[in-house]
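The next block holds one structure in the form of structure tokens; read it before the comments.
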2 protein chains.
Amino acid sequence: MTIPAALVGSAIEDIDTPALLLDLDLMERNIGRMTTAFQPLSAKLRPHAKTHKSPIIAHKQIAAGAIGITCAKVGEAEVMVEGGVRDILIANQIVGPQKIRRLVSLARHTDMMVAVDDLQNVKDLSEAAQAGKTLLRVLVEVNVGQNRCGVEPGEPALTLARQVAQAPGLTFAGLMGYEGHLVFVPSLEERVHRVHSDMQALIDTVNFIESSGLPVNIVSAGGTGTALITGRLPRITEIQAGSYVFMDGRYKTIEGVECDCVLTLLTTIISRPRPDHIIIDAGMKTLTHEFGLPRFKGCDELELLGLSEEHGTVKLNNQGGAYKPGEKIEIIPSHGDTTLNIHDYYYGVRNGRVETVWPIAARGKSRQKERT
Amino acid sequence: MTIPAALVGSAIEDIDTPALLLDLDLMERNIGRMTTAFQPLSAKLRPHAKTHKSPIIAHKQIAAGAIGITCAKVGEAEVMVEGGVRDILIANQIVGPQKIRRLVSLARHTDMMVAVDDLQNVKDLSEAAQAGKTLLRVLVEVNVGQNRCGVEPGEPALTLARQVAQAPGLTFAGLMGYEGHLVFVPSLEERVHRVHSDMQALIDTVNFIESSGLPVNIVSAGGTGTALITGRLPRITEIQAGSYVFMDGRYKTIEGVECDCVLTLLTTIISRPRPDHIIIDAGMKTLTHEFGLPRFKGCDELELLGLSEEHGTVKLNNQGGAYKPGEKIEIIPSHGDTTLNIHDYYYGVRNGRVETVWPIAARGKSRQKERT
């Protein structure tokens, strides 16, 4: 059995497939580019770690100037806290006694912040924080048009903010409003226009709550497609963009976002049943396609036609290539976040060689970190 | 941190979510039903373990009469061999020196069988089997219209069969032809007609190869939607259906297949932002939807509208229900095989309680079993 870490120093061709590769030069460039872009802005970057699920990459983002990280789930935050990452926003409602106990336990080891949109949840968090003798920072989530979670702007947000502020064990830290419905608007002009328009309700709500006497210190928003738009808006203090570190293939389809795709899937051709078709060892169990079928890196003549569970069927538009069984080719995932959620390791590569093997430590931690 | 095995004996409501549940009564019924259906057939059942990725379930299938199991990948087979499962078909091309070495290593510990469709691959397998001082059984894969892997029926199949038969270290065991393009044909009459029509080329090829003097002992085919059709055809000796043990939600859409869905995903309502919408803690990182958006178990008034990474947005068609944050509801995955490939455990439940917690031992083993 190959022990992945034993591959450090090997050539890329020696990695068995399917395997997720990280181009370390490109990753460092993406982190540096976002750091530079944020320097003139008043908003700070708190990158979403769901994109990499790896404490070492979170630490690299923080070293480059990020103020902390964002997680989607308690299980992800547990992995990050154990990896020594400090100052974590869980940009989500944490509901149910088991997860709330876990959240409170984390708050005793690092600075935790969580989103709420429901009074009973506020009461449950308050009770647990008191029992745990700790203090939880809380953001009230406001619906800015994504129509997922969140209270409505204005009066409903103020009401819940007051309830948080009055709840023992909780600190009302501010608001969160995620414009997830706008991050993939292809036209930059339209994206700018719609962000300005939809986020006004959030900004108005910040002002409304402050005018009632309650300070709003933190306002968190923004994805990779909107980071540099939302990050320029007044009152926005933090941006929770995550994808910028790897850049999914899908970002190639939107204007105004510089896109070096860091993550690739190395695959092997396992069959060439007909001259114009090859079959690769990557299917739905190694590669997701909810953002469209992925493209090949540097192989314009190859077109992925479809994925079954463990096979990809590829059309060869120029039949000249060799493309024999055993050859390896790279795919750029269209959605990295869900693709890496199937894998256990990254192979960090530079100059054609494996520089490092990193566990995808928070893979599958949609519930909690578990051990048997 | 909850240790899953510590939940044995607990009520279902005490399982933290998202969590995959197995209804053990229904699973036993599905295994029993298939056993009964196969009794009058000449073909035997060699169930595909990709559906459960769990040695204990493979052993239950074998105890009920299955002649061995089928795997898609070397990594899955490694997990099954370590779990004590014997007689394994890898219904796929195993390409590349690392995986071939692993396959040969497995063949020293159990009876392995593998599919081929390429002469160079036959040579590589032969060389490795000789070096490993073992014998590999080989099936020539024939394209029966799925147009994925496989040589064409007739002469190309005979040519490769002879090359296998002449290769030292290999035994020509027979043919494989998977009618994956027919398993979901909704009309039973049309499915029967098309299976008879498309599989005739495979049967003719069996007869053609035997008439050349080469015995064809094994002919493997069949998925859950076609098992009892293909399993009645002359010359077919083995059926590699796998999904029957759990039954995906998608099988409800095809005629002539009895469908008790064993696998459900327990989720928690984390928000009810509007009276007619609830948000659950299951998104694309816990539930796949390439076979369509899943349905809720026993809740016709709930309709899943979409999944983001960690959220599901649900329309409540009858606003009467309580459906408060914190309540738990069950979803029937539309595609179990890829859904369980994201999870680490099954909670086996019976009479409302957790009877057992089983690791999904071969989860993510699209390449190999790995350790750092």
- Task: Would you mind checking which part of A:D117 comes under 4.5 Å of any heavy atom in chain B, side chain (CB onward), backbone (N, CA, C, O), both or neither?
- Result: side chain

- Message: So for A:D337, is it side chain, backbone, both, or neither that comes closer than 4.5 Å to the heavy atoms of chain B?
- Response: both

- Query: If you tally heavy-atom pairs under 4.5 Å against chain A, which of B:G96, B:P18, B:P156 wins?
  - Reply: B:P18

- Message: Using heavy-atom distances under 4.5 Å, tell me whether A:I270 contacts chain B through its side chain, its backbone, both, or neither.
- Response: both

- Message: Using a strict threshold of under 4.0 Å (side-chain N to carboxylate O), is an ion pair present between A:R101 and B:D16?
- Response: no

- Message: Counting only non-hydrogen atoms closer than 4.5 Å, does A:A282 touch chain B with its backbone (N, CA, C, O), its side chain (CB onward), both, or neither?
- Response: neither

- Query: Using non-hydrogen atoms only, which part of A:H311 is less than 4.5 Å away from chain B: side chain, backbone, both, or neither?
  - Reply: side chain

- Task: Spell out, as yes or no, whether a donor-acceptor pair under 3.5 Å connects the side chain of B:R148 to the backbone of A:P273.
- Result: no

- Item | Atom pair OG (B:S308) and NE2 (A:H181), whose distance is rounded to the nearest 0.5 Å | 13.5 Å

- Query: If you draw a 6.0 Å radius around CD in A:E327, do more than 12 non-hydrogen atoms from other residues or ligands fall strictly inside?
  - Reply: yes

- Straight-line distance of A:C149 SG to B:H277 NE2, nearest 0.5 Å: 11.5 Å

- Task: Report yes if the side chains of B:T338 and A:K285 come closer than 4.5 Å at any heavy-atom pair, otherwise no.
- Result: yes

- Decide yes or no for A:D344 and B:K365: does some side-chain heavy atom of the first lie under 4.5 Å from some side-chain heavy atom of the second? yes

- Which bit of A:N147 comes within less than 4.5 Å of chain B, counting heavy atoms only: side chain, backbone, both or neither? both

- Note on the structure: Between B:E309 and the options A:K73, A:E290, A:K50, the side-chain contact (heavy atoms from CB on, under 4.5 Å) test singles out A:K50

- Query: What part of A:I269 gets closer than 4.5 Å to chain B, counting heavy atoms only: side chain, backbone, both or neither?
  - Reply: backbone

- Item | Residue, of A:H335, A:K328, A:E141, that accumulates the most heavy atom pairs under 4.5 Å with chain B | A:H335

- If we only count heavy atoms from C-beta on, is the B:P325 to A:Q93 side-chain gap below 4.5 Å? no

- Query: So, do A:I342 and B:R363 sit near enough that their side-chain heavy atoms are less than 4.5 Å apart?
  - Reply: yes

- Task: Would you mind checking if B:D281 and A:K99 are paired as a salt bridge, meaning a charged N to carboxylate O distance below 4.0 Å?
- Result: yes

- Separation of B:I94 CD1 from A:T268 OG1 (nearest 0.5 Å): 10.5 Å

- In Å and rounded to the nearest 0.5 Å, what is the CG to CD1 distance from A:N92 to B:I279? 10.0 Å

- State whether the side chain of B:Q98 and the backbone N or O of A:I15 hold a donor-acceptor pair below 3.5 Å, judged by distance alone. no

